[in-house]
There are 2 protein chains.
Amino acid sequence: MSINAYDKNEIKSLSKVFKILGEPNRLKILTSLGLECRPVSAIVASTGLTQTNVSFHLRALREAGLVKPEKNGAFVFYCLPDPELREIIDRFRDWHKT
Amino acid sequence: MSINAYDKNEIKSLSKVFKILGEPNRLKILTSLGLECRPVSAIVASTGLTQTNVSFHLRALREAGLVKPEKNGAFVFYCLPDPELREIIDRFRDWHKT
DNA sequence: TACTCATATGTGTAAATACTCATATGTGTG
DNA sequence: CACACATATGAGTATTTACACATATGAGTA
């Protein structure tokens, strides 16, 4: 039940993940994914952000391993790498509501 | 099991929490708390940060509801507001390791 | 009251970061 | 090949943010 301290590397890498999630538009993009993969154009449409800006944030999310790209012709579909990620974020939200 | 979209306010407030956790020294402070309350001086000692800097970050954590201050004489002890917070962070860490 | 110790805060500064514009890359189709 | 569409990237700018220094507040004690 880990009341263990976190080591340097854990702090470093975990804080990076939180920093990525800490930008509202990125969190919006991520949560807009739900569990299905969606092309960038759909994300642009649903978030109302510019294409450039969506690409900018998708890069950050991708490099942090928080989304996974899948090429399909000229399209790139983005997905959550793992449904558990969504569960954890949901749990955070539920906790935060309290 | 919430594949619901997040509304604007949820995105806004939840991303604030993540942003706070996204700063390495803040995450270090928070995880150094474990489950017991500790005075600022102990946090300064264990993190190696300056007193000013610890106070600076504690304020951010406090305002985000991520730590809870308890006055005791001249000392201020800081605690997690809720043990579940630590569990969720731990779960994030475990997920991220994978 | 005067002094010490614990913590907080105001101001300034350097670094990080989100965003936009313009353009590049890459894919399918005529 | 030429063109249209989907996505990515480089450069520049404005805002945000972490940090240090000096100082303030506030509690305990002589």
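Lettering follows sequence order; numbering is per chain, from 1. Just the heavy atoms: all of them, side chains too, but no hydrogens, waters or symmetry mates, feed the values below.
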State which of [options] makes the closest approach to the side chain of [X].
{"X": "His57(A)", "options": "dA6(C), dA8(C), dC19(C)", "result": "dC19(C)"}
{"X": "Arg62(A)", "options": "dT9(D), dA8(C), dA20(D)", "result": "dT9(D)"}
{"X": "Val40(B)", "options": "dT7(C), dA18(C), dT20(C)", "result": "dT7(C)"}
{"X": "Val76(B)", "options": "dA18(C), dT7(C), dT27(C)", "result": "dT7(C)"}
{"X": "Thr52(B)", "options": "dT7(D), dA6(D), dT9(C)", "result": "dT9(C)"}
{"X": "Leu58(B)", "options": "dA8(C), dT7(C), dT7(D)", "result": "dA8(C)"}

| query | What's the verdict on side chain to side chain contact (heavy atoms under 4.5 Å, CB included) for Asp90(B) and Tyr6(A), showing C-alpha distance, side-chain angles and the deciding distance? | reply | CA-CA 9 Å; Asp90(B) 284 347; Tyr6(A) 281 42; 2.4 Å; yes
Rounded interatomic separation in angstrom, taking [atom1] from [X] and [atom2] from [N]:
{"X": "Arg59(B)", "N": "dT25(D)", "atom1": "CZ", "atom2": "P", "answer": "15 Å"}
{"X": "Phe75(A)", "N": "dA8(D)", "atom1": "CZ", "atom2": "C1'", "answer": "15 Å"}
{"X": "Asn53(B)", "N": "dC19(D)", "atom1": "CG", "atom2": "C1'", "answer": "6 Å"}
{"X": "Phe77(B)", "N": "dA8(C)", "atom1": "CZ", "atom2": "P", "answer": "13 Å"}
{"X": "Glu63(B)", "N": "dT17(D)", "atom1": "CD", "atom2": "P", "answer": "12 Å"}
{"X": "Lys71(A)", "N": "dG28(C)", "atom1": "NZ", "atom2": "C1'", "answer": "12 Å"}
{"X": "Lys16(A)", "N": "dA16(C)", "atom1": "NZ", "atom2": "C1'", "answer": "14 Å"}
{"X": "Ile43(A)", "N": "dA8(D)", "atom1": "CD1", "atom2": "C1'", "answer": "14 Å"}

| Per the end-axis method with five pairs at each terminus, what is the bend angle of the helix from dT1(C)-dA30(D) to dG30(C)-dC1(D), to 10°? | 20°
| Ion pair check, Glu70(A) and Lys68(A), cut-off under 4.0 Å |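 So Glu70(A) pairs with Lys68(A) through a salt bridge.
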| query | Is it true that Arg91(A) and Glu87(A) have a side-chain N and a carboxylate O under 4.0 angstrom from each other? | reply | no
| By a strict heavy-atom criterion of less than 4.0 Å, which residues belonging to residues 17-32 of chain B are in contact with DNA chain C? | none
| task | Take atom NZ of Lys97(A) as the centre, draw a 6.0 Å sphere, and report whether it contains more than 12 heavy atoms from other residues, nucleotides or ligands. | result | yes
| Do Gln51(B) and dA8(C) share a donor-acceptor pair, side chain to base, under 3.5 Å? | yes
| task | Would you classify Ser55(A) as touching base, sugar-phosphate or nothing, given that sugar-phosphate means primed atoms plus P, OP1 and OP2, and contacts are heavy atoms under 4.0 Å? | result |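 The answer is base, as Ser55(A) lies within the cut-off (heavy atoms under 4.0 Å) of a base atom.
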| said: Considering every strand and a 4.0 Å limit on heavy-atom distances, what is the contact class for Tyr78(B): base, sugar-phosphate, or nothing? | reply: sugar-phosphate
| field | Candidate pair Arg86(B) and Thr31(B), rule side chain to side chain contact (heavy atoms under 4.5 Å, CB included), full reasoning | value | CA-CA 8 Å; Arg86(B) 178 58 184 252; Thr31(B) 56; 4.2 Å; yes
| message | Within this structure, what is the CG-CG distance for the pair Leu85(B) and Leu30(B), rounded to the nearest 0.5 Å? | response | 5.5 Å
| message | Once rounded to the nearest 0.5 Å, what's the spacing between atom CZ of Arg93(A) and atom CG of Asp7(B)? | response |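 The CZ atom of Arg93(A) sits 8.5 Å away from the CG atom of Asp7(B).
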| request: Using only side-chain N and O atoms of Thr50(A), determine if any of them is under 4.0 Å from OP1 or OP2 of dT20(C). | output: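 Checking Thr50(A) against dT20(C): at least one side-chain N or O falls below 4.0 Å of OP1 or OP2.
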| query | Any side-chain heavy atom of Ile29(A) sitting closer than 4.5 Å to one from Leu58(A)? | reply |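 The answer is yes, as the side chains (C-beta and beyond) meet within the 4.5 Å cut-off.
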| Does the side chain of Cys37(A) come within less than 4.5 Å of Phe75(A)'s, by heavy atoms? |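 A side-chain contact under 4.5 Å is absent here.
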| task | Please tell me which of Ala74(A) and Val54(B) maps to the more 5' nucleotide of DNA chain C, matching each residue to the nucleotide holding its nearest heavy atom. | result | Val54(B)
| Any idea how Phe92(A) and Phe92(B) line up, ring-wise: parallel (<30°), tilted (30 to 60°), or perpendicular (>60°)? | tilted
